[in-house]
Amino acid sequence: MNPRLVGCMFASMLVGGACAGTAICAGWGLLAALGLYSGAGSATLVPLSFLMAGRPRVATRAAAKPGAAVA
């Protein structure tokens, strides 16, 4: 899997979990919390993935050729 996409998925899960937790604390019920978790997570994942796709890749030691210097 693409590491950037995995990071975006975890970020969207955190946002969705925060929205669901807020709904539970506000007393809206489990069904509303589930809907907010799903909606907020999806609504966050799409913009994050577009933003991360435009960023340049950062060279890592694992991706570098053996003996090559990493900038």
Side-chain angles (χ1 to χ4, degrees):
M1 277 201 111
N2 188 343
R4 289 183 182 183
L5 181 60
V6 173
C8 290
M9 286 181 187
F10 280 126
S12 68
M13 286 173 47
L14 288 174
V15 170
C19 289
T22 302
I24 293 291
C25 290
W28 292 354
L30 291 175
L31 189 58
L34 181 62
L36 280 173
Y37 173 78
S38 178
S42 298
T44 305
L45 181 60
V46 172
L48 277 179
S49 61
F50 279 122
L51 287 174
M52 292 301 287
R55 293 184 62 196
R57 293 191 73 164
V58 177
T60 60
R61 293 203 182 268
K65 295 180 181 175
V70 177

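Residues take their numbers from the sequence shown, with the count starting at 1.
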Requested in this report: Could you work out the complete set of other residues in the hydrophobic cluster of Leu36, with links drawn between I, L, V, M, F, W and Y side chains under 4.5 Å apart?
Outcome: Trp28

Ignoring hydrogens and angles, write down the donor-acceptor pairs under 3.5 Å from the side chains of residues 41-52, residues two or more places apart or on other chains.
from: Ser42; atom 1: OG; to: Ser38; atom 2: O; distance (Å): 3.0
from: Thr44; atom 1: OG1; to: Ala40; atom 2: O; distance (Å): 2.7
from: Ser49; atom 1: OG; to: Leu45; atom 2: O; distance (Å): 3.1
from: Ser49; atom 1: OG; to: Val46; atom 2: O; distance (Å): 2.8

Counting only pairs under 3.5 Å, give me each side-chain donor-acceptor contact of residues 12-25, with atom names and distances, residues two or more places apart or in other chains.
from: Ser12; atom 1: OG; to: Cys8; atom 2: O; distance (Å): 3.4
from: Ser12; atom 1: OG; to: Met9; atom 2: O; distance (Å): 2.8
from: Thr22; atom 1: OG1; to: Ala18; atom 2: O; distance (Å): 2.8

